Participant: 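Below is a structure I'd like to ask you about.
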Amino acid sequence: MTAYLLNLAQLAAIFGLLSVSLNILIGYGGIFSVAHAVFFGLGAYAGAHVALDLFPDLLLAALASALIAGLLSAALALPALRVRGEYFVIASLGLQMLATTVFTEAQAITGGLGGLVGIPPPTLFGFTLADPLVFLFCCLAFLALALALVRQLMRGSFGRALMALRDSEMAAEALGKNVALIKTLAVVLGTAFAGIAGALFAFQEEFVNVESFTLDQSVLILAMVIIGGAGTLSGPLIGTLLLLLLPAALTFIPFIPPTDIGAVQQLIYGFAMTLLMIFRPAGLAGRAMGRR
Amino acid sequence: MLILQLLVSGIEAGALYALTAAGFALIFGATRIFHFAHGATYALAGYAFVLATRLGWAWPAGVGLALVVAIAFGLLLEAAVYRPIQRHHGAFFTVFVAAFGVVIVVQSLIELSFGRAFIAISSPLTRAHEVLPGLYIARVFWLALATAGVVFAVLGAFLARTRAGIGLRALAENPDLLRAFGLSSRRLSALAFALGSALAVPGAVLGAMTTGLSPGVGAHVMLISLAASVMGGIGSLRGAALAGLLLGIVENLVVAGLDTQWSEAAGFVALFAFILFRPRGIFGAALVR
Amino acid sequence: MSALLSARGLTRHFGGINAVEAVDLDLAPGIITALVGPNGAGKTTLFNLITGHLAADAGVVELFGQKITGHAPHRIARMGLARSFQDLRLFARMSVRDNVLAATEPVSWFWQPGGVRAARERAARGAQALERTGLAPLARAEAADLAYAERKFLSLARILASGARIWLLDEPASGLDPASRARFTALLRAAVADGVTICLIEHNLDIVIELADRIVFLDQGRKLAEGAPESVLGDPRLAAIYFGERA
Ligand SMILES: Nc1ncnc2c1ncn2[C@@H]1O[C@H](COP(=O)(O)OP(=O)(O)O)[C@@H](O)[C@H]1O
Ligand SMILES: [Mg+2]
């Protein structure tokens, strides 16, 4: 039971990091990506390779993952961000589908459907982090770092610029903001943290394959941010906890066969997304609609 | 001959994509709503046909059921999801997320009731005949072509000749014109959803016989529709239809050189190229912010 | 007296519509130029062409003697040209103070140049803009929650805080009640006294007469007249176009 709870807590920290990072794009930047799992995956593969081919140092893996995810996203975002928001969503949807194919086919790097197996437990400054509790604290430390950074940035000029272009790109431009540059920085920052989450995920599962980086995963992360409340500090965390506990809670409902739990979970959060958009578009942690 | 064979299946798929994408474009043109759940309509229509077949209904009844389901679903979304959202601020992304939620709901409902596996309806229509040495064509190919031809002809006549059709076109060009026209834009928007959703039915029914259905088919169709709409020029019916046809052909021709897994990917490479180099699409005017 | 901003032969078509057709515009320093004309005359489009938000089909724009045709809007803005929007385009989900502070920070890397002193200076400029527009008590409110007149003043406060030397204002006074309107004209006068050059689009001829030193009359994309307010507004031909079209 403790092992189960520890595992759940680690996943919560990792997905918390993911949704906090997606929130930089969606909540603060108004950049709607449905390809976040791609960068999660890039980070996971990069982290796994560092651990398997070099040595399993947690910080080194995190750094490599952040760099790869961030740099690749910059290369993709720079051209894609020139177009209107609608196109960006579509482009990111296309990227997600393309990446799923690439992850499946590039067997030399990703191991294809079989994935990369036998990822050793991480080390930190030469010490092996065999104790899951210690690893949990590492995950939480990264989450705390991301939260602190987001909080600081959003109180400063970068955050103001980012939120300004979210609310009106044209007005932000008219006040001298380099919209493409700011958006790209936000994308790089958000995807770099997604990459780190990927590295942590690789160590946590000791195994990575393409199944964790599909459109369904991107949508799950998106749902966490939206349901919790995009553009708020606590919203993504609330959404993460709710959606991660949901399948656990469903296992206690006797009349749902275990094979259907995935579908029932999707059914519930699909409904939640639609209903929230109709009645409370700012999410659970966002402000209610009547106040506007 | 392989190329020719692939071209044939490309045209078959493309004709059906063209219809589905035209439905999406029609809805967008008349309502300015990015109907992301159009793929869900397709999935529901396809599974409705599967259900009818399993119940032993004759195919016209199955098609009828698919039509009813598709149109009812489109109207339901318009009334229960999109219109309430547009009544308050209605940002693009709010619509997107709500529609995406619907896609997920539909996908999981299908999974719960039909299972996750691929389902294909076997039909004598899909039995291929050798028309040239090495070139096999099934009757469903001609059926797809004929359906697309007839539906586009009827649609074109409807948009050009009838009062409601002209209203739809006016709505696409300039919503203000309508007030002068005296047509209610609410009723026209419902009409757009009904028509647009019905256009997904031929693809869904024939797709159920040829490529088969899976719960995730909605996402694929949504992507095809979006890609075709972007490539054709957003809001342009002609453009979406042409781009849908091209996408079908490209997806199939790619198989000549690469694994089948890359066929879907090829469509997206084309989409990216358009987004980057010609975001206004083949026919469309540039959208202004 | 050379113009701070001068446009030559600006042209922009939308499909078959000649939204702006070979328009010349000169903004002389330290005065208020009013851009008038019936709805759809091309006034807003002319602004968009000058600020770089729309690409011109033909024509050149010079700002402070430098050619800016084809430059990105943010580069033009950083040279000291600010504009307001007919539909305001406030940063709706940000506080009033952040709306104004954002205007003082054109360059936004992860940090701001100049350190603490520059930051303090910017904050002071923002606070002053809020004082002058009467929004200081509402600094913490979210922009979306403001009343109509307050929103219009916030869009002016942003421009004030940006420190721009040239303002292009798109119908800034429309819908203001008399008291707000008086505050508005006082604000513009004070800005001009500080050396700001203004071009404003305005339908209310009383305000035009009260404020403008010069009038440019636009109709169907063409400049029909330009000159002192009395002479332009006194022209019965223009009055017929203006009131005829608006009836
Ligand atoms: N983005 C656009 N796309 C198509 N037509 C436009 C666009 N912007 C303006 N127009 C057209 O250009 C003309 C001038 O518009 P505008 O500059 O907004 O006029 P004004 O501000 O003087 O009322 C109008 O006929 C308008 O319909
Ligand atoms: Mg205007």
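Quick caveat, the model's predicted, so the values are computed rather than measured. Chain A is the first sequence line, chain B the second, and so forth, proteins listed ahead of strands; every chain is numbered from 1.
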Participant: Tell me, side chain or backbone of Thr100(A) under 4.5 Å from chain B's heavy atoms, or both, or neither?
Facilitator: neither

Participant: What option among Ala266(B), Ser108(B), Ala227(B), Gly216(B) has the most heavy-atom pairs under 4.5 Å with chain A?
Facilitator: Ser108(B)

Participant: Shorter than 4.5 Å, heavy atoms on both sides: which option in Leu222(A), Asp260(A), Thr259(A) has the most such pairs with chain B?
Facilitator: Asp260(A)

Participant: I want to check something: taking the side chain as every heavy atom from C-beta on, are Phe32(A) and Val97(B) in contact at a cut-off of under 4.5 Å?
Facilitator: no

Participant: Would you give the length of the straight line joining atom CE of Met273(A) to atom OG1 of Thr94(B), rounded to the nearest 0.5 angstrom?
Facilitator: 11.5 Å

Participant: Let me know if Ala80(B) has heavy atoms under 4.5 Å from chain A in its side chain, its backbone, both or neither.
Facilitator: backbone

Participant: With a 4.5 angstrom heavy-atom cut-off, is it the side chain or the backbone of Tyr269(A) that approaches chain B, or both, or neither?
Facilitator: side chain

Participant: With a 4.5 angstrom heavy-atom cut-off, could you sort out which part of Tyr82(B) is near chain A: side chain, backbone, both or neither?
Facilitator: neither

Participant: Closest heavy-atom contact between Gly270(A) and Val105(B)?
Facilitator: C-CG2, 3.5 Å

Participant: Is it the backbone or the side chain of Leu215(A) that comes under 4.5 Å from a heavy atom of chain B, or both, or neither?
Facilitator: side chain

Participant: Mind checking whether Leu93(A) and Phe100(B) have side chains closer than 4.5 Å, heavy atoms only?
Facilitator: yes

Participant: To the nearest 0.5 Å, how far apart are CG in Leu109(B) and CZ in Phe271(A)?
Facilitator: 7.0 Å

Participant: Nearest 0.5 Å please: distance from the CE atom of Met97(A) over to the CG atom of Leu271(B).
Facilitator: 11.5 Å

Participant: Heavy-atom distance under 4.5 Å to chain B: side chain of Ile226(A), backbone, both or neither?
Facilitator: side chain

Participant: Quick check on the interface: out of Val102(A), Ile90(A), Leu98(A), Ile26(A), who has the most heavy-atom pairs with chain B under 4.5 Å?
Facilitator: Ile90(A)

Participant: So which part of Leu95(A) gets closer than 4.5 Å to some heavy atom of chain B, the side chain, the backbone, both or neither?
Facilitator: both

Participant: Given a strict heavy-atom distance threshold of 4.5 Å, which part of Ile268(A) is in contact with chain B: side chain, backbone, both, or neither?
Facilitator: neither

Participant: So which of Ile110(B), Leu226(B), Val269(B) has the biggest tally of heavy-atom pairs under 4.5 Å with chain A?
Facilitator: Leu226(B)

Participant: Are Phe34(B) and Val89(A) close enough that some pair of their side-chain heavy atoms sits under 4.5 Å apart?
Facilitator: no

Participant: Look at the side chain of Thr274(A) and the backbone N and O of Val102(B), then say whether any donor-acceptor pair between them is shorter than 3.5 Å.
Facilitator: yes

